[in-house]
Protein chains: 2
Amino acid sequence: MTEPRWLDQQEMAAWHAFLEASHLVARRVEQQLREREGLSHPQYEILVRLSAAPEGELRMTELADLVVTSKSGLTYQIGKLEQAGLVRRRSCPGDDRGVYAVLTESGRRKLDRAAPGHVDLVRSSLIDVLTREQLESLADGLSTVTRTLRTRDRG
Amino acid sequence: MTEPRWLDQQEMAAWHAFLEASHLVARRVEQQLREREGLSHPQYEILVRLSAAPEGELRMTELADLVVTSKSGLTYQIGKLEQAGLVRRRSCPGDDRGVYAVLTESGRRKLDRAAPGHVDLVRSSLIDVLTREQLESLADGLSTVTRTLRTRDRG
DNA sequence: AGCACGTCGTTCAAATTTGAACCAAGCGAC
DNA sequence: GTCGCTTGGTTCAAATTTGAACGACGTGCT
């Protein structure tokens, strides 16, 4: 009951800007990817992570953690991507419980095809509307946020 | 085809931090509101907007725009809130098509009850992990983003 | 070997979200 | 007035997301 430390003007402004920017950007990205390449944003993020991983593969749990989704949510999306032939599953050699999600050739091509348009949108939504200093500050602040939340989850 | 202006290291870092922070924070906020007050974050945002509006009421379309959701999504959520007695609908005097969503007394109390815990979480996730300067830069940058996207939508 | 316990991924039902289709009502030009 | 076009909200089916429950498998200890 003794917890009311309200937000002042600036703090409120920061929070609202953060929330609103998240929503607006997410919405646009989602719509653009969907109509241009038939991919959802979560799916695109999965492809990106896989393409950046050694051998183009990652364990399910690790991938779920990276893209910040639930385990069941990932199972669903990987299922979709598998149907589409963009990803395949491979059982894990040392650990019979484990499953690797592997980016296929087709998946890599899909990503190559989707990337330019996506990058353009990211630029016009977030990157190019800010100065270098603003961008740097933004990255700095938000990195602190993610680092804090990430380590807190583990601790 | 001639659109490859890729992101450099810093730009990539900014984008990833933005994405990851969005996801992590959204996830936490959602879970906390859900288990403490049985509210989803979209629902909470609706209550906040209504409570800030004159007479505690807003037109459906305006509200949908404010909380950045689809019209049908708002219809659904308002339906839920109405069932819970936190909001009621009122038809619009001058315009027979229009509908006002109105915050009820019960809705205001609910918000009062939920707010402290929510603010605490916002603090510990975003506000209190940053310095004043960082927070100010963040608000500055993200405001620019939202302003840009908002005006672009209308233009 | 046998057990207790934690981890990995899937399955399941329930809740939510979205765009398209739709209906009713405003609005302007003729 | 009334035809044609836009707006405001709802309805609908389809896709997605989530946590809880589950089954199978590792791991450490005895």
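Since the model is a prediction, treat every value here as computed from it, not as a measurement. Chain identifiers are assigned alphabetically (A, B, ...) following the order of the sequence lines, protein sequences preceding nucleic acid strands; residue numbering begins at 1 within each chain.
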Determine the contact category for [X]: base if any of its heavy atoms lies under 4.0 Å from a base atom, sugar-phosphate if only primed atoms, P, OP1 or OP2 are that close, otherwise nothing.
| X | value |
| --- | --- |
| T75(A) | base |
| S40(B) | nothing |
| E30(A) | nothing |
| G98(A) | sugar-phosphate |

Quickly work out the [X] [atom1] to [N] [atom2] distance and round it to whole Å.
| X | N | atom1 | atom2 | value |
| --- | --- | --- | --- | --- |
| Q43(A) | dA15(D) | CD | C1' | 10 Å |
| K71(A) | dT11(C) | NZ | C1' | 12 Å |
| D95(B) | dG26(C) | CG | P | 6 Å |
| R89(A) | dC8(C) | CZ | P | 16 Å |
| E45(B) | dT17(C) | CD | C1' | 14 Å |
| R59(B) | dA25(C) | CZ | P | 14 Å |
| D96(B) | dG9(D) | CG | C1' | 13 Å |
| K80(A) | dA14(D) | NZ | C1' | 10 Å |

Has [X] got a side-chain atom pairing as donor or acceptor with [Y]'s backbone, closer than 3.5 angstrom?
| X | Y | answer |
| --- | --- | --- |
| T104(A) | L86(A) | yes |
| Q32(B) | G117(B) | yes |
| S22(A) | S22(B) | no |
| Q77(B) | Q43(B) | no |

(message) Measuring to OP1 and OP2 of dA15(C), would you say a side-chain N or O of R34(B) lies under 4.0 angstrom away?
(response) no

(message) Please determine whether a side-chain nitrogen or oxygen atom of Y76(A) lies at a distance below 4.0 Å from atom OP1 or OP2 of dT16(D).
(response) yes

(request) Between Y100(A) and L74(B), just flag the one whose closest nucleotide in DNA chain C comes earlier from the 5' side. (result) Y100(A)

(request) Report yes or no: is there a donor-acceptor pair, N or O only, under 3.5 Å between the side chain of S72(A) and the base of dG19(D)? (result) yes

(message) Ignoring hydrogens and geometry beyond distance, is the side chain of S70(B) in donor-acceptor contact with the base of dG19(C) at under 3.5 Å?
(response) no

Given [options], which nucleotide is nearest the side-chain atoms of [X]?
| X | options | result |
| --- | --- | --- |
| Q31(B) | dT10(D), dG6(C), dG19(D) | dG19(D) |
| R27(B) | dA25(C), dG19(D), dC25(D) | dG19(D) |
| T61(B) | dT7(C), dG9(D), dG9(C) | dG9(D) |
| T69(A) | dT7(D), dG9(C), dT18(D) | dT18(D) |

(request) Nearest-nucleotide wise, let me know which of Q77(A) and G94(A) is further upstream toward the 5' end of DNA chain D. (result) Q77(A)

(message) Under a 4.0 Å threshold between the charged nitrogen and the carboxylate oxygen, would R89(A) count as salt-bridged to E57(A)?
(response) no

(request) Taking the side chain as every heavy atom from C-beta outward, state whether L135(B) and E11(A) have any pair of such atoms under 4.5 Å apart. (result) yes

